[in-house]
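The structure presented is a predicted model; accordingly, all values stated were derived computationally and were not measured.
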Amino acid sequence: MSCLSAELGWEEVSGEGTIFTFTGARTPVTPHFADDVPQLLAIVELDEGPHLTSVIVDAAPEDLAVGRRVVPFFERGDDGVTLLKHRLAPGS
């Protein structure tokens with residue numbers, strides 16, 4: 001499968017990985033995140049290989065670094081939407 005391919009499929013992954021790159025957003029990217037600024041956004045390189053965009057929570061901006069391990073969790077909002085987010089892995 002390659003980028004922009006119409007041949008999409010589901011693949012089970014652990015969700016664990018490392019921070020590939022990151023930034024801090026001081027302005028909410030959507031109204032849903034108005035209470036979450038600064039918001040720590042990261043590209044996570046999953047252990048299985050693919051990359052995905054995620055929000056890192058329960059961390060200070062100075063705690064983030066390329067290569068830090070992260071673990072996934074799901075957060076269900078009041079609006080019924082469930083989002084995949086990440087936390088720094090213990091001991092990373």
Side-chain angles (χ1 to χ4, degrees):
M1 197 174 344
S2 63
C3 283
L4 303 177
S5 171
E7 298 178 28
L8 301 177
W10 291 98
E11 185 173 327
E12 188 171 328
V13 296
S14 68
E16 296 180 11
T18 57
I19 296 175
F20 183 77
T21 190
F22 64 93
T23 191
R26 300 201 184 284
T27 303
V29 293
T30 70
H32 288 86
F33 300 116
D35 296 332
D36 297 336
V37 290
Q39 187 178 37
L40 302 176
L41 307 170
I43 303 295
V44 174
E45 182 173 8
L46 298 176
D47 290 344
E48 295 81 6
H51 293 74
L52 60 83
T53 304
S54 188
V55 176
I56 308 295
V57 300
D58 300 332
E62 59 271 15
D63 294 335
L64 272 58
V66 171
R68 292 278 318 253
R69 296 284 303 161
V70 292
V71 293
F73 72 98
F74 291 98
E75 183 175 88
R76 185 174 181 91
D78 294 337
D79 57 1
V81 174
T82 300
L83 297 175
L84 169 65
K85 295 184 178 183
H86 283 83
R87 290 187 175 100
L88 294 175
S92 70

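- Smallest separation of non-hydrogen atoms from Thr82 and Arg76: OG1-NH1, 3.4 Å.
- Pairing each heavy atom of Ser14 with each of Asp47, the nearest pair is OG-OD2, 4.3 Å.
- Counting heavy atoms of neighbouring residues, nucleotides and ligands inside a 6.0 Å radius, atom CG of Asp79 exceeds 12 of them.
- Summarising the geometry, atom NE2 belonging to His51 is positioned 8.0 Å from atom CD1 belonging to Ile43; distances are rounded to the nearest 0.5 Å.
- Atom CD of Glu62 is surrounded by more than 12 heavy atoms from other residues, nucleotides or ligands within 6.0 Å.
- Leu8 and Leu46 fall into different hydrophobic clusters, where Ile, Leu, Val, Met, Phe, Trp and Tyr residues are linked whenever their side-chain heavy atoms come under 4.5 Å apart, directly or through other members.
- Connection of Val37 to Val55 is not established within any shared hydrophobic cluster, with ILVMFWY side chains joined at heavy-atom distances below 4.5 Å, either directly or through further cluster members.
- When all heavy atoms are compared, the tightest approach of Ala25 to Leu41 is CB-CD1, 4.0 Å.
- In Phe22, the CZ atom is crowded: over 12 heavy atoms of neighbouring residues, nucleotides or ligands sit closer than 6.0 Å.
- Contact detail for Leu40 and Gly24: the closest heavy-atom pair is CD2-CA, 4.3 Å.
- By the rule that hydrophobic residues join a cluster once side-chain heavy atoms approach within less than 4.5 Å of another member, Phe73 and Leu52 end up as members of separate clusters.
- Under the 4.5 Å side-chain contact rule for hydrophobic residues, Leu88 and Val57 do not share a cluster.
- Between Ile19 and His86, the closest side-chain pair of non-hydrogen atoms is not below 4.5 Å.
- Nearest heavy-atom pair, Glu48 versus Glu16, reported as atom, atom and distance to 0.1 Å: OE1-O, 4.4 Å.
- Rounded to the nearest 0.5 Å, atoms CD1 (Ile56) and NZ (Lys85) are 11.0 Å apart.
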